[in-house]
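Everything below concerns the one structure shown next.
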Amino acid sequence: MTLFSPKCPSSHYAPISSSSSSSKRFFPPPSRKWVSVELSRKRQWNVISMKDETISVPVTPIKDVPLEKTGNGVLPTVSPKEYHGVAGLSSNQGESTVSITVVGASGDLAKKKIFPALFALYYEDCLPEHFTIFGYARSKMTDAELRDMVSRTLTCRIDKRENCSDKMEQFLKRCFYHSGQYDSEDHFGELDKKLKEHEGGRLANRLFYLSIPPNIFINVVKSASKSASSANGWTRVIVEKPFGRDSESSSALTRGLKQYLMEDQIFRIDHYLGKELVENLSVLRFSNLVFEPLWSRQYIRNVQLIFSEDFGTEGRGGYFDSYGIIRDIMQNHLLQILALFAMETPVSLDAEDIRNEKVKVLRSMKPLQLENVVVGQYKSHTKGGITYPSYTEDKTVPKDSITPTFAAAALFIDNARWDGVPFLMKAGKALHTRRTEIRVQFRHVPGNLYKRNFGTDLDRATNELVIRVQPDEAIYLKINNKVPGLGMRLDRSNLNLHYAARYSKEIPDAYERLLLDAIEGERRLFIRSDELDAAWELFTPLLKELEEKKIAPELYPYGSRGPVGAHYLAAKYKVRWGDLSA
Ligand SMILES: NC(=O)C1=CN([C@@H]2O[C@H](COP(=O)(O)OP(=O)(O)OC[C@H]3O[C@@H](n4cnc5c(N)ncnc54)[C@H](OP(=O)(O)O)[C@@H]3O)[C@@H](O)[C@H]2O)C=CC1
Ligand SMILES: O=C1O[C@H](COP(=O)(O)O)[C@@H](O)[C@H](O)[C@H]1O
């Protein structure tokens, strides 16, 4: 399957793109007979939805269609021919461009992740022939200075070294910079002019990546939509987390964005959804007969979602202190994994079908209870002659901060499949290791014939499926087997799919997949607003209670396994954390 070039692997599951080519992604393919045009009177573009893609056209060219016939803003269907006619796209009909504007290009995320991911896509021939990248921020920079900044963070993968420096040079030539204020329609108007020059009269598709602090999201969306949205192609906006701090602020953000954008122009990114093993979760479950029948309370004793980092907030304490680990990791990354893990089989692999199932899981869950949560904060620790600082020693953090850098929680899904099964989450910074895992502990074998060989500790003998999201990606299943020989000794072994051993290809960064999806209009891995609302409803009461009651976090030494409280919480539900021996 090819999208932009035969070399670019499609990130779609389904044959959505089997008939796609670069131009087809941006035009209604002639073979598709009808499209429906949804007209928004307040916006500068209309969204055209087909079975599996959405594109936007400007309001003005279709002004002749009588509005009174449209009912609730939905126009009668028009054929692609009519569409092209009314949209006046006759000149360069076969050609389209994509302009990607990284708003906040001078910042950490842009340098660390976005530009390198765009380069990787370029290297893989996954960007369309006509594309331009613009950096936008307040800092004064020339194009050359932006290129210099970007070039410092570009790398080629070990298996992709061929022509690497040539490719980098070609890529950098497609990168430009515009300095402007985030709330200035004039400055975005200037950007618009520059974009138009690069687009050269082709059908222009525009993607804006908001790599900026959340308090300026709406300013940017307002200015960009008024002054720099595409006049004849689609306009999409990738929004980075945090999407608010609680239900109220998140709803306010959604309302603010929706003043200027339609829901399907908003791509709320959770980069964990772009990670290879998170993508593989559904494949593992729904394409292997051996797993799906076991995927319920009948066979699964508990599920553990574990995130740990072996470094502190270093440098990001300012942001982190007003959010804390529950908002930073649990409410989004771990909860998204949980929803994918626990959802029912979707009707199809279409984005809406998957997101419908995920939201059902979230809405079946009970809001978190304080008694099911443990919070911690790292303190200074000296090891091997090196002293590691406490969280509150970070210069950007108030000395008396009680923001949790660690949390463990027990969550429950009130539905027939998962009733009574504890889903335990654990997330922490400055722990002993960097690792993200999903651990599935199965029930004990009833009437186990081999009890004698295992002794009284039946937990040791139960099967455990581990999906190691990172690092060193792997999926392994702990099983019991006989030690070869004349005796009858049992042993624990791993059936191990170790990615590095199985595949020679390096795994792409999550941002590559997600950027490609946003360019293609694939929404499966982005968060829909109802999912976001449901996620916040689970965490908001707890977050408020923690703040109102000023719950002091349990201190744990930098580099340790976190507070002991996490073990008591697990024990309350007869669970032992699976990562203890790791
Ligand atoms: N960094 C990371 O690893 C991750 C970041 N994120 C999210 O991505 C977004 C960007 O993150 P990151 O790059 O770290 O952010 P930065 O703090 O580096 O900010 C990005 C750019 O925004 C501008 N900016 C910063 N603060 C302000 C302000 N108060 N008012 C106006 N402009 C400001 C600056 O550009 P200039 O001054 O030139 O205008 C800065 O270079 C944030 O929403 C963050 O939460 C999400 C996951 C990981
Ligand atoms: O979103 C975030 O994620 C990073 C961890 O991402 P990873 O891909 O490196 O695992 C985390 O450090 C950061 O605090 C958080 O905002």
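For ligands, and for the atoms within them, numbers begin at 1 and follow the listed sequence. Index from 1, following the sequence.
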Which protein heavy atom lies closest to [atom], and at what distance to 0.1 Å?
atom: atom 5 (C) of ligand 1; value: Arg316 NH2, 3.5 Å
atom: atom 3 (O) of ligand 2; value: His271 CE1, 3.4 Å
atom: atom 7 (C) of ligand 1; value: Lys241 O, 3.3 Å
atom: atom 12 (P) of ligand 1; value: Leu109 N, 3.8 Å
atom: atom 47 (C) of ligand 1; value: Glu240 OE1, 4.0 Å
atom: atom 23 (C) of ligand 1; value: Tyr182 OH, 3.5 Å
atom: atom 20 (C) of ligand 1; value: Ser211 O, 3.4 Å
atom: atom 42 (C) of ligand 1; value: Ile212 O, 3.3 Å
atom: atom 9 (O) of ligand 2; value: Arg434 NH2, 4.0 Å

Under 4.0 Å between a side-chain nitrogen and a carboxylate oxygen: does that hold for [X] and [Y]?
X: Lys113; Y: Asp509; answer: yes
X: Asp517; Y: Arg513; answer: no
X: Lys505; Y: Glu276; answer: no
X: Asp183; Y: Lys222; answer: no
X: Arg206; Y: Asp192; answer: yes
X: Lys258; Y: Glu263; answer: yes
X: Glu548; Y: Lys544; answer: no
X: Lys140; Y: Glu145; answer: no

With atoms numbered from 1 as shown, which atoms in ligand 2 lie under 4.0 angstrom from a non-hydrogen atom of [X]?
X: Lys275; result: 7 (P), 8 (O), 10 (O)
X: His333; result: 1 (O), 2 (C), 3 (O)
X: Lys241; result: 1 (O), 2 (C), 15 (C), 16 (O)
X: Gln470; result: 7 (P), 10 (O)
X: Lys429; result: 11 (C), 12 (O), 13 (C), 14 (O)
X: Glu309; result: 4 (C), 5 (C), 11 (C), 12 (O)
X: Asp328; result: 13 (C), 14 (O), 15 (C), 16 (O)

Hydrogens and angles aside, do Tyr272 and Gln470 bring a side-chain donor and acceptor to less than 3.5 Å of each other?
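Present: a donor and an acceptor within the cut-off.
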Neighbour count >12 (heavy atoms, 6.0 Å) for atom NZ, Lys399:
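Counting other residues, nucleotides and ligands, NZ of Lys399 exceeds 12 neighbours.
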Look at atom 41 (O) of ligand 1 and find which of Pro214, Pro213, Ser106 reaches it with the closest heavy atom.
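Residue with the shortest heavy-atom distance to the ligand atom: Ser106.
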So between Ser139, Gly104, Gly107, whose heavy atom ends up nearest atom 38 (O) of ligand 1?
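Closest candidate by heavy-atom distance is Ser139.
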For the residue pair Arg174 and Phe131, would you count it as a cation-pi contact if the rule is NZ or CZ under 6.0 angstrom from the ring centre and within 45 degrees of the ring axis?
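Yes - Arg174 lies over the ring of Phe131, closer than 6.0 Å to its centre and within 45° of its axis.
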Please say whether the positively charged group of Lys167, taken as NZ for Lys or CZ for Arg, lies over the ring of Tyr122, i.e. under 6.0 angstrom from the six-membered ring centre and within 45 degrees of the axis.
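Here Lys167 passes the 6.0 Å and 45° test against Tyr122.
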Residue portion contacting ligand 1 (non-hydrogen atoms closer than 4.0 Å) for [X]:
X: Ile216; result: side chain
X: Arg138; result: both
X: Lys112; result: side chain

Under 3.5 Å between some N or O of ligand 1 and some N or O of Asp108?
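Yes, at least one N or O pair falls under 3.5 Å.
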So is there a nitrogen or oxygen of Ala137 less than 3.5 Å from a nitrogen or oxygen in ligand 1?
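No: no nitrogen or oxygen of Ala137 is under 3.5 Å from one in ligand 1.
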Would you check if the side chain of Trp536 reaches a backbone N or O of Phe243 as a donor-acceptor pair within less than 3.5 Å?
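Present.
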For ligand 2, note which part of Tyr272 has a heavy atom under 4.0 Å away: side chain, backbone, both or neither.
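Within the 4.0 Å criterion, Tyr272 contacts ligand 2 through side-chain atoms alone.
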Quick check on atom 15 (O) of ligand 1 - does any protein heavy atom sit closer than 4.0 Å to it?
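It does not: no protein heavy atom is found less than 4.0 Å away from atom 15 (O) of ligand 1.
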What's the separation between atom CG in Leu172 and atom CZ in Arg147, rounded to the nearest 0.5 Å?
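Reported value, rounded in 0.5 Å steps: 7.5 Å.
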Yes or no: does Lys113 have any heavy atom under 4.0 Å from an atom of ligand 1?
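Under 4.0 Å: no for Lys113.
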Would you call the rings of Phe171 and Phe119 parallel, tilted or perpendicular, taking 30° and 60° as the class edges?
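The arrangement is perpendicular - the two ring planes meet at more than 60°.
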